[in-house]
Amino acid sequence: MDGVDKEKVQRVVYEMSKGSKYFENEERKEAFIKQKIENMRAQCANLTATDLPQYQMIADKRILELESGRDLSRTWLHVDMDAFYAAVETLENPLLKGKPMAVGGMSMISTANYEARKYGVRAAMPGFIGKKLCPDLIFAPPDFKKYTHYSDLTRKVFLKYDPNFVASGLDEAYLDITEVCKERAISSIEIAEELRKCVYEETGLTCSAGVAPNRLLAKVCSDINKPNGQFVLPNDRMHILIFISSLPIRKIGGIGNVTERILSDVLGINTCEEMLQKCAFLCALFSRSSADFFLSVGLGLGKTDAPEVRSRKSMSSERTFSATANEDSLYQKLADIAATLSSDMEKEGLSGRTLTLKLKTDSFEVRTRAASFQSHINSSEDILIHASKLLKAELPISLRLIGLRMSHFNDEKIGTVDPTQKKLTSFIIPGDSSAKLTCSNNSMPASSGNSGRDSMDHSVTCLPIYAHNNTFVDPFHDCESENPSNSNQLSDFEQMHDISSNIAGEMELEFRSKQNDCQSEVATADTTASGTQMAKTKSFFGYSETNFVDKHNKRSNFSDEVNKKQPPQILWEDDYKCALCGAELPPSFIEERREHSDYHFAEMLQKEETELNERDLIQRQRTSNVVQNAKESKRKKRKNNPKESSHLPIDMFFVKSSQNF
DNA sequence: TTAACCGCATACG
DNA sequence: CGGAGCGTATGCGGTTAA
């Protein structure tokens, strides 16, 4: 923004911040990042003259592969409403017009209008600093009902240009305008102009648009002539490379503050073009997927296909309050949050297996503590019981925030078969589309008024997908066409990593396996659902395999180092008697023999380590409860004395084994 | 060996 | 007067149980 005195803004922000606990925490974080940068610099310096040409070769190969996937056949448009929340407030209260205003409060600003931005007031800035920068600043409390209403109006417009558009939050959307341009034989420039005009007529709000051959670039373009402007990048490789050449990396979605600093301070990369110049270093320092993303950015590549609809993975609720160490008060807040989360989950018919407690101490340090369970839970009582255990382990503590997150939902694909999960056939209720569907060990109504995302969840889990005319409906196709406006937030980084199609692949796998389950029972099961999706499944496998190889290598190296102690190979005399204690176990008792061997192993280790002071204590903790307690004490131990931790599993094992004997 | 899990950091609207 | 949010998703590095 022109006319912003950046130095003054910085000075004010610094003056208001320094000495605060928040500021001290920021400094700690800053030191951590600096350390990280130093480490990576050292890593760079350690690259030998033989390393670099090898990484250069890898990088060149990757660039060729990525380039070969370039698709210039599509035209994407990214729409971004200008200062959306603030604009809506002004629209409904014309007295605010022309005055500096922000949506939010003294503690945090969500959106500032352009008048306020002239003073340096920004989104994600605390209100009291905004007020200091601009004493006339007016605050409007957020009102999401209003914003949703206007968002719906804009979406009605978007539908006319792309019935499958992808919404990203309330104020942004990606539209594939390839077909509209073709059908109406007009340029993307005209489409963008017309769309913006139409949005203004329908809502009275202005927006900005960017047009480019992929979503990543379209998003960058919509920012160029903001507010109330547009920028069109032609579907031409040379144009793209020129555009990219001077583009600061921070403009790319997925590259935030920290990544920008790492790339800049470690490798001297400031523009997208420099990603290619330093490609060998990128491949040497970063994981395959990160390096691929960075190289793609350098080439100006991005996703061009329609992203898959993704189901929710977690749901959370958190609250900030004035810091307290009063335990009654903390438990009360925890109970409130558990109730909020539970009610939110019930609204979507969800229940989850993993609960994560989030804490922010009065010094702004953030901690998370998680626990997973055998069965899915969603009642506020169950959530509170487990959450309290997690919190109890952290006491005493002074907190300014408590949060709870549930994940691993009942309808999620899991690797091993959930024993509580019913077979598909138990869900099939032939011919009755109104029947309630029972999923896992909790029931949820198959409501008709659900969002597309929900119907997706249900279809993946429950799968008796009969329409009223009793024909089989493709769940993937169905939810996309039914609710194109569902809010699918995809960062460019994720898109570039092909994560959405991975998830689609996972769902696909489950879908297909369940379909197989029911084929003998359901003669009407449709086979057309698989044909086109087969390819996606394959690409899912291809991607994962390469990923797993990397992980696998890292882990096996690690475990080679750590697992130096191996269980003794017990000799079974006459293939029957334990050579160590004479216990008799026939060869067919494989499991029992393994446990027996483990017992001797544990015994052996125990002898070795009897001098350890803390062992008795740990053992008592172990015997007292199951996994949960074991994990907690291990965590404490790890903090206090990291060296000890490697002994703990053995102790635990010993206790377990000795119970068997 | 490996999938599942945990804790932390990063990013975005 | 001091005062720095909420919800969702992902990657990375690590541990653990089976």
Side-chain angles (χ1 to χ4, degrees), chain A residues 13 16-17 19-23 25-26 29 32-33 36 80-81 84-85 104-111 123-132 142 144 147 167-172 219 252-260 262 286-287 289-290 293 310 312-322 341 344 353-354 356-358 360 364-372 400-401 403 405 407-408 414-416 487-494 497 499-500 502-503 547-548 550-552 554-556 558-559 562-563 591 594 598 627 630-631 634-635 638 645-646 648-649 652-653 656:
Chain A
V13 172
M16 305 241 18
S17 304
S20 69
K21 291 188 169 173
Y22 171 82
F23 187 74
N25 188 251
E26 288 300 298
K29 277 158 66 182
F32 189 82
I33 295 168
K36 195 169 170 183
D80 193 339
M81 302 302 294
F84 185 55
Y85 299 170
M106 268 317 209
S107 58
M108 192 52 67
I109 290 170
S110 295
T111 313
M125 174 183 274
F128 63 89
I129 292 183
K131 194 83 180 170
K132 187 85 175 184
F144 284 91
Y147 313 145
S168 171
L170 290 176
D171 69 329
E172 285 184 33
K219 165 120 178 144
I252 302 292
I255 297 183
N257 221 335
V258 176
T259 311
E260 179 192 29
I262 288 174
F286 295 94
S287 70
S289 62
S290 298
F293 171 65
R310 303 184 302 171
R312 167 196 286 289
K313 290 186 175 43
S314 71
M315 183 180 265
S316 66
S317 176
E318 64 186 54
R319 215 55 48 191
T320 297
F321 41 83
S322 54
L341 180 58
D344 286 352
R353 279 182 52 238
T354 302
T356 307
L357 172 72
K358 176 178 170 181
K360 196 188 279 180
F364 288 85
E365 176 206 352
V366 176
R367 292 183 203 172
T368 58
R369 297 291 178 256
S372 294
R400 75 187 324 277
L401 173 146
R405 168 178 307 269
S407 51
H408 287 129
I414 49 175
T416 50
S487 154
N488 244 347
Q489 304 206 2
L490 296 171
S491 81
D492 292 321
F493 191 75
E494 294 155 23
H497 286 62
I499 283 157
S500 56
N502 277 357
I503 287 156
N547 245 4
F548 289 160
D550 287 342
K551 284 184 179 172
H552 167 69
K554 274 177 205 158
R555 285 171 194 194
S556 57
F558 173 77
S559 51
V562 170
N563 294 336
E591 187 62 18
R594 199 183 57 74
D598 287 340
V627 200
K631 284 182 180 172
K634 173 205 67 193
R635 213 147 44 209
R638 200 162 56 209
S645 62
S646 63
L648 294 177
M652 187 160 70
F653 207 12
K656 201 172 141 196

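Throughout, a chain's letter reflects where its sequence line sits, starting with A, and its residues are numbered from 1. Keep in mind that the numbers below use all heavy atoms, side chains included, and drop hydrogens, waters and symmetry copies.
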Would you indicate, yes or no, if [N] has its OP1 or OP2 atom less than 4.0 angstrom from a side-chain nitrogen or oxygen of [X]?
X	N	result
Thr368(A)	dC8(B)	yes
Ser287(A)	dC12(C)	yes
His408(A)	dA4(B)	no
Lys360(A)	dG5(C)	yes
Ser372(A)	dA4(B)	no
Ser110(A)	dG5(C)	no

Closest nucleotide among dC6(B), dT8(C), dA9(C) to the Ala370(A) side chain: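 Output: dC6(B).
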Given dG5(C), dA9(C), dG13(B), which nucleotide is nearest the side-chain atoms of Asp171(A)?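 Nucleotide nearest to Asp171(A)'s side chain: dG13(B).
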Contact summary for Phe84(A) and Tyr147(A), nearest pair of heavy atoms: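 Closest approach of Phe84(A) to Tyr147(A), heavy atoms only: CZ-O, 3.5 Å.
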Separation of Met315(A) atom CE from dG7(C) atom C1', in whole Å?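 These atoms are roughly 10 Å apart.
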Send over the distance from Arg353(A) CZ to dC6(B) C1', rounded to a whole Å.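 Atom CZ in Arg353(A) sits about 13 Å away from atom C1' in dC6(B).
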Check this for me: Phe32(A), atom CZ, are more than 12 non-hydrogen atoms of other residues, nucleotides or ligands nearer than 6.0 Å?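 Atom CZ in Phe32(A) is not crowded, with 12 or fewer foreign heavy atoms closer than 6.0 Å.
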How about Lys132(A): does its NZ atom have over 12 heavy atoms from other parts shown lying under 6.0 Å from it?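 Atom NZ in Lys132(A) is not crowded, with 12 or fewer foreign heavy atoms closer than 6.0 Å.
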